[in-house]
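Worksheet: the structure to be examined is printed underneath.
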Amino acid sequence: MEPKREDKRKRKRKKQRQAMLAKAIPVVIAIVLIIAIVGIFYADDLIESVYYTSERADLYQYFELVESDDVAMMVQDAHVDEKAKVVDGNCYFNMETIEKYFTDRFYINIEEGIVLYTTEKDIYKTYIGSEYSSYSLSGVENTLSHPAAVIIGEEVYLSADYVKMFANFSYEYFAEPNRMLIYTVWGSRQSATIEKDTKLRYQGGVKSPILKDMTEGDTVFVLEEMEKWSKVITEDGYIGYVENKRLESGDMIAQTPVNDAVVLNYQSISREYKINMAFHQIFNQSANSTYDAYMADVKGVNVIAPTWFRIKDNEGTIENIASSEYVIKAHNKDIEVWAVVTDVDYEVNIGEILSSSEKRAALIGNLISYAQQYSLDGLNIDFETVGAEYGDDFVQFLRELSIQTHANNIVLSVDNYAPTASTMYYNRTEQGLVADYVVVMGYDEHWGGSQTAGSVASINFVEEGIRKTMDEVPAEKIINAIPFYTRLWKTEAGTVSSEAMGMDTAEEWIERNGMEIYWDNETCQYYGEIQIDNVLYQIWLEEEESIQVKLNVMDANGIAGVAEWKLGFERDSIWDTIETYTNS
């Protein structure tokens with residue numbers, strides 16, 4: 001009986017184990033499912049903790065901040081090389097940055113310690129230094145919350161808030177590390193939302209250093225979308241990469257434009273007809289009497305420009321040889337008088353005058369006084385000795401002069417060399433804003449001091465001068481000056497010299513010496529050369545045909561008119577050619 005009872009007990013225990021196992025299986029399955037679900041949920045985090053680098057980028061190195069007061073600049077969602085500075089929590093830009101991104105119309109004079117911004121009617125003035133927190137306008141002081149201009153190192157820096165008064169842009173500043181978000185153009189940007197806590201990385205890759213922790217719900221703006229990563233910018237100025245699986249695409253968000261800067265409203269004085277301006281070179285008071293002889297056979301001239309005002313010394317003293325009788329004669333023939341102001345007849349340092357606020361003001365005051373005294377219709381500025389270092393001073397002189405000329409209804413015209421890289425500092429763009437007419441001196445391609453013989457004004461030279469000026473100045477403000485003279489070139493024993501000749505004088509020399517001439521298609525001029533006693537003579541003629549080709553180019557470009565240098569060098573028949581152009 002014992003064996004049977006033992007078997008019975010074994011069978012009983014087996015059934016109990018099977019019953020317990022049957023009860024345990026659902027629990028085990030449930031536990032496995034729970035583990036699987038949790039594993040799936042945390043798999044990304046687990047993978048991230050194993051495969052994604054936790055290295056953090058050096059943010060000061062990322063933003064390329066060297067000095068403690070450096071401020072990184074993000075302009076239009078791009079990290080730029082330029083740096084701002086922070087002083088007492090306020091951002092400042094140097095002039096190079098201001099001119100590149102905002103405006104090139106500030107004038108700084110470190111010696112006088114001033115910063116000027118000139119409009120069509122007035123001048124904003126502030127002083128350089130941390131002790132100055134105001135600016136003046138029309139003699140009225142206006143308080144600022146912090147200095148407008150300070151010296152940092154050896155450079156002048158202007159407050160971002162002060163610059164914003166004159167240029168439309170928006171900015172936000174963030175500290176630790178110092179950075180600015182700047183916009184000068186506003187559009188719409190693609191937004192996205194961070195779906196789950198993640199990292200903003202320096203580049204699109206799991207081994208790229210971390211720039212910033214991103215929290216679920218954060219907004220970013222997508223700059224570039226790739227297969228697995230997107231380049232984004234955060235609302236506080238970090239530019240980096242986030243995995244696409246962490247992003248939920250949002251709306252296109254329109255930025256709000258900023259339009260609160262000072263508005264410039266230059267109203268130029270213009271004529272409804274083509275300008276035909278003849279330069280009349282006069283060296284003394286008695287030479288004004290030549291008006292009758294020089295103008296006797298002239299046709300179509302509506303402006304005469306006598307060289308009446310000469311800068312005599314570095315104080316800006318003016319030699320004045322103007323004549324009221326001359327003006328009356330011109331006005332009686334409906335001809336305007338735009339008196340020339342020149343710096344070429346005396347040895348003066350024009351830059352010394354232009355770089356002084358006091359001397360500029362005195363010179364401008366004298367010119368306006370003379371213009372009123374003689375009932376002048378205009379002033380023609382012919383400053384040809386301005387060095388590159390005084391380019392900003394010259395432009396500021398024109399800005400300040402234009403306030404007074406426009407207030408007194410006086411036409412302001414400015415003479416310029418044909419544009420070259422070496423004369424860009426004359427800033428024809430600004431001239432085109434503040435002056436009424438910009439004159440291109442379309443001659444002296446080869447001049448008296450040239451070491452090689454050549455044309456005074458070949459057609460390519462003339463056309464390029466007009467075209468390059470039109471890149472900066474509206475066509476309706478451009479006057480192209482043509483030469484009434486040519487040069488007879490003489491090459492002897494390797495030495496080149498020349499003599500300026502009027503039209504008739506040049507023709508007489510050619511005839512007297514038996515020089516043969518032919519039309520040169522490259523220059524669009526008659527060319528001749530002759531060897532006399534081992535001396536080579538060459539000439540590129542200015543006459544009706546060469547002038548006509550120049551006028552055709554001017555007409556095709558729709559510019560404001562023509563000027564001629566100078567009365568007395570022309571022959572009478574040339575006026576028929578020019579009158580046809582001005583009447584077209």
Side-chain angles (χ1 to χ4, degrees), residues 53-104 106 108-110 113 115 126-133 144-167 169-185 199-205 207-214 218 220-221 223-224 231-242 392:
T53 184
S54 59
E55 177 191 358
R56 289 191 170 270
D58 182 330
L59 295 181
Y60 288 87
Q61 184 176 358
Y62 164 71
F63 284 115
E64 299 177 352
L65 302 176
V66 178
E67 305 293 336
S68 61
D69 59 350
D70 281 350
V71 180
M73 293 171 50
M74 271 61 66
V75 180
Q76 302 302 129
D77 296 332
H79 193 167
V80 299
D81 293 334
E82 292 78 15
K83 299 291 181 293
K85 293 287 188 178
V86 61
V87 180
D88 296 331
N90 300 299
C91 294
Y92 288 78
F93 304 119
N94 64 15
M95 291 309 300
E96 183 179 356
T97 299
I98 292 169
E99 291 177 0
K100 181 175 180 179
Y101 294 107
F102 308 120
T103 176
D104 63 356
F106 282 107
I108 290 183
N109 190 314
I110 296 179
V115 177
T126 188
Y127 288 94
I128 302 170
S130 57
E131 66 271 33
Y132 302 109
S133 296
L144 298 168
S145 62
H146 55 276
V150 297
I151 297 287
I152 301 177
E154 297 182 354
E155 287 189 271
V156 175
Y157 280 73
L158 300 189
S159 157
D161 289 337
Y162 193 68
V163 177
K164 267 180 74 15
M165 289 174 55
F166 310 102
F169 69 96
S170 60
Y171 82 89
E172 288 184 90
Y173 165 69
F174 305 92
E176 298 182 1
N178 297 326
R179 59 200 186 277
M180 297 178 74
L181 269 177
I182 300 170
Y183 296 96
T184 59
V185 179
K199 313 293 184 186
L200 178 74
R201 297 186 178 272
Y202 177 62
Q203 293 179 326
K207 299 301 183 183
S208 184
I210 298 166
L211 294 177
K212 178 181 172 65
D213 294 320
M214 303 299 296
D218 285 347
V220 295
F221 296 96
L223 305 180
E224 181 182 357
K231 183 179 182 181
V232 303
I233 184 169
T234 66
E235 292 182 302
D236 58 353
Y238 288 85
I239 299 173
Y241 293 80
V242 173
D392 289 343

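Keep in mind that what you see is a predicted model, and the values were worked out from it rather than measured.
Across P147 and S159, no two heavy atoms sit closer than the pair O-CB, 3.6 Å. Here the shortest heavy-atom pairing between T53 and S208 reads CG2-O, 3.3 Å. Of all the heavy atoms in P177 and L59, the pair that sits closest is CG-CB, 4.0 Å. In terms of heavy atoms, L65 sits closest to N178 at CD1-O, 3.6 Å. When all heavy atoms of I128 and V150 are compared, the pair lying nearest together is CG2-C, 4.3 Å. Taking all atoms of both residues into account, the shortest heavy-atom contact from R56 to P209 is C-CB, 4.2 Å.
Counting only heavy atoms from C-beta outward, the side chains of V242 and R201 never approach each other to under 4.5 Å. Under the 4.5 Å side-chain criterion, counting only non-hydrogen atoms from C-beta, D213 is in contact with K199. Using a 4.5 Å heavy-atom cutoff, the side chains of R179 and Y238 are in contact. Counting only heavy atoms from C-beta outward, the side chains of E155 and E96 never approach each other to under 4.5 Å. Put simply, the side chain of Y171 reaches to within 4.5 Å of the side chain of D161, judged on heavy atoms. At a threshold of 4.5 Å between non-hydrogen side-chain atoms, the residues V80 and I182 do not count as touching. In this structure, H79 and F63 have side chains that are in contact, with non-hydrogen atoms separated by less than 4.5 Å. Side-chain contact between M214 and V220: present, with at least one pair of heavy atoms (C-beta onward) separated by less than 4.5 Å.
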* To do: Starting from the C-alpha separation in whole Å, work towards a yes-or-no answer on side chain to side chain contact (heavy atoms under 4.5 Å, CB included) for D236 and K212.
  => CA-CA 11 Å; D236 58 353; K212 178 181 172 65; 3.2 Å; yes
* To do: Test M73 against T97 for side chain to side chain contact (heavy atoms under 4.5 Å, CB included), laying out the working first.
  => CA-CA 10 Å; M73 293 171 50; T97 299; 3.7 Å; yes
* To do: Check the pair Y157, Y92 against ring-ring contact (aromatic ring centres under 6.0 Å, His included), reporting the backbone distance first and the verdict last.
  => CA-CA 6 Å; Y157 280 73; Y92 288 78; 7.6 Å; no
* To do: Go through the steps for I210 and E55 under the test side chain to side chain contact (heavy atoms under 4.5 Å, CB included), then give the verdict.
  => CA-CA 6 Å; I210 298 166; E55 177 191 358; over 6 Å; no
* List the steps and the verdict of side chain to side chain contact (heavy atoms under 4.5 Å, CB included) for I151 and V156. => CA-CA 5 Å; I151 297 287; V156 175; 3.5 Å; yes
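Summarising the geometry, atom NE2 belonging to H146 is positioned 11.5 Å from atom OH belonging to Y162; distances are rounded to the nearest 0.5 Å. Interatomic distance, CD1 of I233 versus CD of Q76, reported as 10.0 Å (0.5 Å rounding). Annotation: the span from L181 atom CG to F174 atom CZ amounts to 5.5 Å, rounded to 0.5 Å. To the nearest 0.5 Å, atoms CE (M95) and OG1 (T103) are separated by 8.0 Å. Separating the CG atom in L158 from the CG atom in N94 is a distance of 9.0 Å, to the nearest 0.5 Å. Separating the OH atom in Y62 from the OH atom in Y202 is a distance of 8.0 Å, to the nearest 0.5 Å.
Ring pair F93/Y101: centre-to-centre distance not below 6.0 Å.
We find that E64 and K83 are joined by a salt bridge, their nearest charged nitrogen and carboxylate oxygen being less than 4.0 Å apart.
The number of heavy atoms from other shown groups lying within 6.0 Å of CG (D58) is above 12.
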